Protein chains: 2
Amino acid sequence: MGVVRKTKSVMTVLNTFEQTGKAVSAVALVEHLQDSMNKTTVYRILDRLEDQGTLHSFMGKDGLKWYAKCDGCSSTHHIDSHPHFQCRGCGKTECLSMDVTIPPIPKHKVDFAELLLIGLCETCS
Amino acid sequence: MGVVRKTKSVMTVLNTFEQTGKAVSAVALVEHLQDSMNKTTVYRILDRLEDQGTLHSFMGKDGLKWYAKCDGCSSTHHIDSHPHFQCRGCGKTECLSMDVTIPPIPKHKVDFAELLLIGLCETCS
DNA sequence: TTACTTTTGCAATTCAGTTGCATTAAGAAA
DNA sequence: TTTCTTAATGCAACTGAATTGCAAAAGTAA
Ligand SMILES: [Mn+2]
Ligand SMILES: [Mn+2]
Ligand SMILES: [Zn+2]
Ligand SMILES: [Zn+2]
């Protein structure tokens, strides 16, 4: 993966995640940072941060890609495997710190699971 | 929803699902049926069949939309709530007939869950 | 500073999925 | 069967997320 540089743009992206503490869609991040960096840059930084184990990603119900901070991952060891909740009212999406136990499936090797819960958040219900 | 017509195109789409017995991505279906009907028609038929409870859909890891036959659903009552397995080798995707129990999440109203398992199928492992 | 390599901006491109509208064809009624 | 209504289709244009190629800019080690 080569050397990783801590550029201004990378720091800006990381700050956004620190501040919100929530999951953010790539699209929303591009929109939010449109005055400070290029769209392509955002996508590439997200890619890199995920490779490094700083962020993890998952697909939302609508097909958009979401990102959130990892907790204890590295480039060689991604341990995030928690469900995500997406509110169908306001769209807010969050990491859930609960364990999902996947029963083994005969003749299948399961690498990981993606569990997305759809519903209404407290504000929207 | 109005009257639903059993057109030639609808029958062709349904036959494809009967024959394969597997989940099919919209993209793959469009490709598969490119000589018999228009892309837009495929997407619209899939929409309608899902509304009617004939098919159900889910998002694959890659962001593509997949469809598979329902078993015992109607337009007013979709009871499909099973996990899906997507092979990262060959891309084959299938419905799993197992139950997923979602523990309640405080202050959240969960409507339904989408569980996607990623791994290797028997052929690919 | 220099030299090397990563990162960025920009414009063009890809690709899944949607939309508007004119035309076709189910299928109920006559 | 023929007529009539309206759902369904084809086609072309469009949308929007994400990617790509390439030249220019900016980290970083020496
Ligand atoms: Mn998460
Ligand atoms: Mn299924
Ligand atoms: Zn909400
Ligand atoms: Zn496979």
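A quick note: this is a predicted structure, and the numbers were derived from the prediction, not measured. Throughout, a chain's letter reflects where its sequence line sits, starting with A, and its residues are numbered from 1.
Going from atom CG of B/L64 over to atom P of C/dT18 covers 13 Å, rounded to whole Å. Counting to the nearest Å, the C1' atom of C/dT18 and the NZ atom of B/K65 are 12 Å from each other. Between the C1' atom of C/dG17 and the CE atom of A/M59 lies a distance of 13 Å, rounded to the nearest Å. Between the CD atom of B/E50 and the C1' atom of C/dG17 there is a distance of 14 Å, rounded to whole Å. Regarding B/M11, its CE atom lies at a distance of 17 Å from the P atom of C/dA25, rounded to whole Å. As a whole-Å value, the separation of B/L49 CG from D/dA8 P is 10 Å.
Shown here for A/M59 and A/E114, the closest heavy-atom pair between the two residues is N-OE1, 3.5 Å. Between B/G60 and B/L116, the shortest heavy-atom distance links the atoms C-CD2, 3.8 Å.
Contact annotation for A/T7: backbone-only contact, meaning every heavy-atom pair under 4.0 Å involves sugar-phosphate atoms and none involves a base. Among the atoms of the strands shown, base atoms are found under 4.0 Å from some heavy atom of B/K39. Within the 4.0 angstrom heavy-atom criterion, no nucleotide atom of any strand lies near B/K8.
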Exercise. Given A/K69 and A/D71, is the salt bridge (Lys or Arg N to Asp or Glu O under 4.0 Å) satisfied, shown in steps?
Worked result: CA-CA 7 Å; A/K69 284 214 69 181; A/D71 187 22; over 6 Å; no
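Nearest to the side chain of B/I45, among D/dT9, D/dA8, C/dA16, sits D/dT9. Each of C/dA16, D/dT9, C/dG9 was ranked by its minimum atom distance to the side chain of A/M37; first place goes to C/dG9.
Along DNA chain C, the nucleotide closest to A/N38 and the one closest to B/V27 are compared, and the more 5′ of them pairs with A/N38. Where B/A26 and A/T40 meet DNA chain C, the nucleotide closest to each residue was compared, and A/T40 sits on the side nearer the 5' end.
Under 4.0 angstrom from either OP1 or OP2 of C/dA25 there lies no side-chain N or O belonging to B/R5. A sub-4.0 Å separation between OP1 or OP2 of D/dT19 and a side-chain N or O of A/Y43 is absent.
Using modelled atom types, no side-chain atom of B/H32 and backbone atom of B/V30 make a donor-acceptor pair closer than 3.5 Å. Between the side chain of A/S97 and the main chain of A/C95, no donor-acceptor pair closer than 3.5 Å is present.
For A/R44 against C/dT7, no side-chain N or O and base N or O form a donor-acceptor pair under 3.5 Å.
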